[in-house]
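Both counts, for ligands and for their atoms, begin at 1 and track the order of listing.
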Amino acid sequence: MDGIQLLNKDQLILVLSQVKTATAIHIGEDAVIQMANQAMLDIWGKDSSVIGKGLEEALPELRGQPFANMFKRVWLEGITLSGAETAADLNVGGQIKTFYFDFEYRAIKDDLGQTICVLHTATDVTDRVINRSIVQQVYDKEQALEREQALNEELSASNEELKAVNDELDQSQTELSLMNELLEARVAARVKDLSKSEMRYREISDELAALNEELNAANEELMASNEELLEAKEDLQETFDQMEDKEIALRLTIEAANFGTWHIHSVTRAFMTSDRLRMLFGFNPDQEITIDEALGQITEEYRSYVQQKLENALSGNGDYDVSYPVIGFHDQKLRWLRAIGNLKADKSGEFSSFTGVVMDISPLKKDEQRKNDFIAMVSHELKTPLTSLNGYIQILQRKVNGIGNEFINSSLVLAGKQVKKMTGMINGFLNVSRLESGKIVLSPSHFSLSNLVESAVEESRMIEDSKDIIFHGCDHLLIYADYDKISSVIANLLSNAVKYAPTSKQIEVKCELADQMAQVSVRDYGIGIQAQDVDKLFERYYRVKSDHHVSGFGIGLYLSAEIIARHNGRIWLDSEPGKGSTFYFSLPLNGKVA
Ligand code: ADP
């Protein structure tokens, strides 16, 4: 570096003052201004008079701003502090204005590291900052505008949405109000219903209360019934035990009496029989038999009659109590059997069980036969003298007729009546025995029923002049029958009407057409017949037990019924005890006889 003159201090300061960049040099804690170039003075808005003054002294507006302190630190600590676009309020032309600077406070040190001064450089960037701020503001405004526009758009979109929502709301509102109306109407209807329901509820409540009471009562009854039921159950058990005893007794009785037993299923006709029954029909005890096989053993004249009775009983019409002779299948022996049956409907109602017993009545039949034979013989023997007695009476009556003796006359008439009565009785016995032995034969002819009834009434009047027999005649009803036997039926009914009506006089006889049948009735106003006797009157030798001592043998109605049956007719009666009876019989018009 020889030959080159180094710049002195003033020269250096001169150089620095020429630097474009605002530059100043400060010394000491108060940043006394050592040098400030024109650019710096321009920034400060001051002149060179500030040289030699502390910073705040030169620029009093800086008080309260950080710069003096910053200088102090740089001076004392030997550091560099800088700032960019830092605002500083400066008094320019008597007005405080804000400027922006990029600046640096740099401590300049000597070789010993001692701070000798602070180099202060600054660039006024106020325009840049302001411009930027304006640009920023414009930008901000634009941004704000854009935001506003976007917002506006959003708003209008929202508005439209709002409108749509509003429209929807409107519609909803309308719907709502419609619904409301509907709802109100429904509510009103419901309220009406409810009030109705309430009334009904009250009614039901009342009914329920009544029902409850009834239920309580029923409950009590039920309890009572329950007790009764228990009692009944006990009774039932007792009855059951008794029944069991009775069943055993019955079985023993059946065995002791040597009865055969049978059982018929009304639908399948299955025929179950006991050993004894099979033996009674002449089969082997272990031989299975059918109904037809059993019926086949009954003698021919009785077979269809028994068959008929059985069919009737099986279909529930009439009882089954029949006596019939059978010829044993193996032993060919004749036995008289009596069968009694009872039809009982099964609980299901689908069929009936027909059960019964069969007993051997051959010995009884033999006795009866002997008795019948005896009666027939006696009757026959009595008939001959009685006929001659009747003849003598008639001759006597004719002989004394001219004499005019009233006593003899009337005695003969009475004797004649008694003989007639006796003849009637004897004829009755004869007829019974004939009937029993199958010897009764009908001699039918065509005749008018009314004529027959009339003459029978006449005959009766002759025998019984104590009664008024009123005859209601009928048109000529032609029948085909045994004249004498039908006459005897009417004579018997009339004689009973006289016998069993001791205190009344009137007897009515009627003959008429009823249900296409010739019907005759005999009515009396006598003692009448109890219901329990009605069915038995037509049985042989049956007589009602009574205090009225009336003579008779109980064969008249039996004979009458047999005679009518053989004419395919019907005989029956109506009666009221104490008031009288009406006996009826009917015969087919021009009918066939058996
Ligand atoms: P009988 O008269 O000889 O006894 P019947 O066979 O004629 O026999 O009559 C049978 C029974 O019927 C009589 O014993 C009597 O008890 C009763 N009977 C018949 N007819 C009458 C009647 N008209 N009124 C009341 N009872 C009667």
Short side-chain donor-acceptor distance under 3.5 Å, Ser575 and Tyr500: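 Absent: no donor and acceptor within the cut-off.
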
Test item: side-chain donor near acceptor, Asp292 and Thr290, under 3.5 Å: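 Asp292 vs Thr290: no donor-acceptor pair found between side chains.
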
Test item, Phe538 contacting ligand 1 (heavy atom, 4.0 angstrom):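 No, Phe538 has no heavy atoms under 4.0 Å from ligand 1.
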
For [atom], what's the nearest protein heavy atom and its distance?
atom	answer
atom 24 (N) of ligand 1	Tyr500 CB, 3.2 Å
atom 4 (O) of ligand 1	Arg543 NE, 2.4 Å
atom 19 (C) of ligand 1	Asn496 ND2, 3.4 Å

From OG (Ser560) to CD1 (Ile490), nearest 0.5 Å: 10.0 Å

Contact partition for Phe553 relative to ligand 1, non-hydrogen atoms under 4.0 Å: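 It is the backbone that gets close, since no side chain atom is under 4.0 Å.
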
Which residues share a side-chain hydrogen bond (donor to acceptor under 3.5 Å, both in side chains) with Asp533, sequence neighbours left out: Tyr542

side-chain hydrogen bond (donor to acceptor under 3.5 Å, both in side chains) partners of Arg540, counting only residues at least two apart: Glu368, Glu436

Check: Asp524 N/O within less than 3.5 Å of ligand 1 N/O: yes

Whether Arg570 side chain and Ser586 backbone form a donor-acceptor pair below 3.5 Å: no

CA sep, side-chain torsions, deciding dist, call: Phe351, Thr268, side chain to side chain contact (heavy atoms under 4.5 Å, CB included): CA-CA 9 Å; Phe351 67 93; Thr268 63; over 6 Å; no

Salt bridge present between Asp373 and Arg370 (N-O < 4.0 angstrom): no

Other residues, nucleotides, ligands: >12 heavy atoms within 6.0 Å of Glu301 CD: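 More than 12 within 6.0 Å, yes.
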
Within 6.0 Å of NZ in Lys499, more than 12 heavy atoms from elsewhere: yes

Taking 4.0 angstrom as the limit and counting only heavy atoms of [X], give me the atoms of ligand 1 inside it, by number and element.
X	value
Gly552	3 (O)
Val544	14 (O), 16 (O)
Ile529	25 (C), 26 (N), 27 (C)
Leu537	12 (O), 17 (C)
Lys499	1 (P), 2 (O), 3 (O)
Tyr542	10 (C), 11 (C)
Ile555	6 (O), 8 (O)
Ser581	24 (N)

Option set Ser495, Gly528, Gly554, Ser551, criterion heavy-atom distance to atom 1 (P) of ligand 1, minimum: Gly554

Candidate with minimal heavy-atom separation from atom 5 (P) of ligand 1, of Thr582, Leu557, Asn492: Leu557

